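Quick caveat: nothing in here was measured; it's all calculated off a predicted structure.
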Amino acid sequence: MNPHEHLIPVVELILAAANADKLSRVILSKPANKDIIKAVVTQRTVSGRRVLQAETFTKDGKAYHKNIDREDGEAIFDLCGGFSQINIFTSAKEAQFSLSKKGKALYSGIDAARRSLSVGDTVKVEGNNRKKNTVLCGDEEFLKVLGICDANGRIHDKKQSKFRQINKFLEYVSDCVPFLREEGTLRVLDLCCGKSYLSFALYHYLANILGREVSMTGVDLKADVIEYCSQCADTLGFSGLNFICGDINDFACEKADLTVSLHACDTATDAVLKVACDARSDVILSTPCCHHYVTERLSCPEADFIAKYPILRNKFADAATDALRLAYLEKRGYDVLAAELIDPSETPKNVLLRGIRKKGFDPDSVEAARLSERYDSLCTFLLKDTPYVI
């Protein structure tokens with residue numbers, strides 16, 4: 001007896017789509033092995049031979065590749081058997097398989113996807129290493145609605161940088177998925193969301209690729225932008241995504257799972273971090289923009305040898321501001337990381353701040369008091385009598 005008998009319709013669809021050259025990709029999530037984040041299967045040409053290439057991503061930041069013959073159903077069974085959710089994207093349709101908590105197999109769109117193989121366009125198959133795998137393919141419907149790509153799925157020249165930026169941000173989100181709760185509706189915030197390219201991409205990734213229930217709110221001050229984003233969400237049928245016009249300083253959320261912010265200007269980033277911490281967000285991802293507050297108020301004689309040169313003063317203030325923000329997250333109970341969002345040649349606004357909420361952190365503990373004292377002393381060292389805004 002096949003131990004993965006419930007996967008027969010899934011494997012049959014994958015093999016049929018691949019042999020018809022109409023398999024775009026397969027995303028496998030909710031792994032049994034908790035050291036694994038996800039796996040992605042795509043078609044590739046290796047040494048003149050068409051194969052299915054499985055790329056498995058692990059929590060230690062590594063990716064492992066395995067090439068599978070398009071006729072090797074047993075290997076596909078073995079791969080799929082390690083995951084309880086599988087999303088299959090053909091050139092015309094999408095299908096999904098998932099296992100409930102009680103082990104019941106749930107199928108969606110399998111038959112429709114099989115039927116579409118007779119009418120869908122063939123998929124262009126790249127040679128191995130010719131094109132880097134990205135979270136988004138570039139032809140997603142929300143990219144068309146937002147004007148990032150044309151009706152044929154071609155990314156507009158002026159939007160190439162934005163598309164790379166969104167993909168890279170989603171890679172960081174993917175790395176953080178293990179720190180989000182596995183069941184229930186994910187509460188997600190995008191603060192200072194602006195035109196919300198990121199909001200739509202993040203919602204698509206969580207809801208459509210990972211198959212999670214999502215309640216997501218974008219907040220921004222610009223009424224016309226919020227109206228535009230709300231209309232786009234309605235057009236796309238993104239029912240779990242809504243937008244609020246307002247000041248994030250007045251916004252509150254009782255509990256958030258994930259809070260993101262892309263290029264909130266100057267002290268708006270600090271407001272974002274405070275709202276996220278107050279909401280006990282399990283994951284925080286923020287890319288700051290502008291650092292005027294510290295630049296204008298820097299008062300640190302020990303750093304005068306840097307600060308007396310305007311260009312170096314700006315660079316120093318940028319780094320010092322983001323270091324203060326990480327210290328603030330630490331005092332609020334987060335493990336922190338600073339990373340480059342994309343290639344620095346793309347934009348100078350390139351630093352990503354990440355916070356992962358510690359389990360069982362006690363705000364009244366000795367550790368919390370030490371971290372709070374450290375943060376305060378750093379502010380005093382850099383700004384003397386000028387209080388920092390967080």
Q: Take Lys274 and Asp278 through the salt bridge (charged side-chain N to carboxylate O under 4.0 Å, His left out) test and state the conclusion after the steps.
A: CA-CA 6 Å; Lys274 184 177 186 305; Asp278 289 346; 2.9 Å; yes
Q: Run the numbers on Ser372 and Arg332 for side-chain hydrogen bond (donor to acceptor under 3.5 Å, both in side chains), then give the verdict.
A: CA-CA 8 Å; Ser372 182; Arg332 295 295 301 265; over 6 Å; no
(Q) Please evaluate residues Asp322 and Arg325 with respect to the criterion salt bridge (charged side-chain N to carboxylate O under 4.0 Å, His left out), reporting the C-alpha separation (whole Å), side-chain torsions for both, the decisive distance (0.1 Å), and the verdict. (A) CA-CA 5 Å; Asp322 289 337; Arg325 288 164 173 161; 3.0 Å; yes
Q. Is there a salt bridge (charged side-chain N to carboxylate O under 4.0 Å, His left out) between Asp220 and Lys195 once you walk through the steps?
A. CA-CA 9 Å; Asp220 199 88; Lys195 202 172 180 180; over 6 Å; no
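Judged by distance alone, with hydrogens and angles left aside, the side-chain atoms of Asp266 form a donor-acceptor pair with the main-chain N or O of Tyr293 at under 3.5 Å. Judged purely by atom type and a 3.5 angstrom limit, Thr287 uses its side chain to pair as donor or acceptor with the backbone of His263. Judged by distance alone, the side chain of Thr380 and the main-chain N or O of Lys384 form no donor-acceptor pair under 3.5 Å. Ser230 places a side-chain N or O within 3.5 Å of a backbone atom of Ile226 that can act as its donor or acceptor partner. Remark: the backbone N or O of Val135 is paired with a side-chain donor or acceptor of Asn167 at under 3.5 angstrom.
Checked against side chain to side chain donor-acceptor pair (under 3.5 Å), Asp157 has the following partners two or more places apart in sequence or in another chain: Arg154. In terms of the salt bridge (charged side-chain N to carboxylate O under 4.0 Å, His left out) criterion, residue partners of Lys34 (sequence neighbours excluded) are, by chain and number, Glu182. Remark: Arg181 engages Asp257 in a salt bridge (charged side-chain N to carboxylate O under 4.0 Å, His left out) (not counting sequence neighbours). Not counting sequence neighbours, Asp72 has no partner by the salt bridge (charged side-chain N to carboxylate O under 4.0 Å, His left out) test. Listed by chain and residue number, Leu23, Gln43, Leu52, Arg70 satisfy the side chain to side chain contact (heavy atoms under 4.5 Å, CB included) test with Ala18 (two or more places apart in sequence, or in another chain). Applying the side chain to side chain donor-acceptor pair (under 3.5 Å) test to Asn87 and every residue at least two apart in sequence or in another chain returns Gln85, Glu94, Gln96. For Thr269, there are no side chain to side chain donor-acceptor pair (under 3.5 Å) partners at least two apart in sequence or on another chain. Glu330 meets the side chain to side chain donor-acceptor pair (under 3.5 Å) test with Arg374; sequence neighbours excluded.
With a 6.0 Å cutoff to the six-membered ring centre and a 45° limit on the axis angle, Lys38 does not count as a cation-pi contact of Phe83.
For the atom pair CG of Leu352 and OH of Tyr172, the computed distance is 6.0 Å after rounding to the nearest 0.5 Å. Rounding to the nearest 0.5 angstrom, the gap separating the CG atom in Leu273 from the OH atom in Tyr334 is 9.5 Å. Atom NZ in Lys30 sits 6.5 Å away from atom OG in Ser98 (nearest 0.5 Å). Summarising the geometry, atom CG belonging to Leu258 is positioned 7.5 Å from atom SG belonging to Cys176; distances are rounded to the nearest 0.5 Å. From Thr58, atom OG1 reaches atom CD1 of Ile36 across 8.0 Å, with rounding to the nearest 0.5 Å.
Within the 6.0 Å centre-distance limit, the rings of Phe97 and His6 are counted as a close aromatic pair. In this structure, Phe200 has its ring center closer than 6.0 angstrom to the ring center of Phe243.
Residue pairs meeting the salt bridge (Lys or Arg N to Asp or Glu O under 4.0 Å) criterion with at least one member in residues 242-255, sequence neighbours excluded, are Lys255-Asp282. Among pairs with a residue in residues 203-214, those fulfilling side chain to side chain donor-acceptor pair (under 3.5 Å) read Ser174-Tyr205, His204-Asn208, at least two apart in sequence or across chains. Under the side chain to side chain donor-acceptor pair (under 3.5 Å) criterion, the residue pairs touching residues 356-366 are Lys358-Glu367, with sequence neighbours excluded.
Within 6.0 Å of OH on Tyr107 lie more than 12 heavy atoms contributed by other residues, nucleotides or ligands.
Ionic pairing of Arg50 and Asp69 is not present here: no N-O contact between side-chain nitrogen and carboxylate oxygen is shorter than 4.0 angstrom. Between Asp111 and Arg115 there is no salt bridge, since no side-chain nitrogen of the basic residue lies less than 4.0 Å from a carboxylate oxygen of the acidic one. Under the 4.0 Å criterion applied to side-chain N and carboxylate O atoms, Glu171 and Lys168 are assigned as salt-bridge partners. Using a cut-off of 4.0 Å between Lys/Arg side-chain N and Asp/Glu carboxylate O, Arg354 and Asp335 are scored as not salt-bridged.
The heavy-atom pair separating Thr56 from Ala39 by the smallest distance is OG1-CB, 3.8 Å. The minimum heavy-atom distance linking Leu189 with Cys253 is given by the pair CD1-CB, 4.0 Å.
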Check: residues 137-148 side-chain donor-acceptor pairs under 3.5 Å, at least two apart:
residue : atom : partner : partner atom : Å
Glu140  : OE1  : Cys137  : N            : 3.4
Glu140  : OE1  : Gly138  : N            : 2.9
Glu140  : OE2  : Cys137  : N            : 2.8
Lys144  : NZ   : Ala151  : O            : 3.4

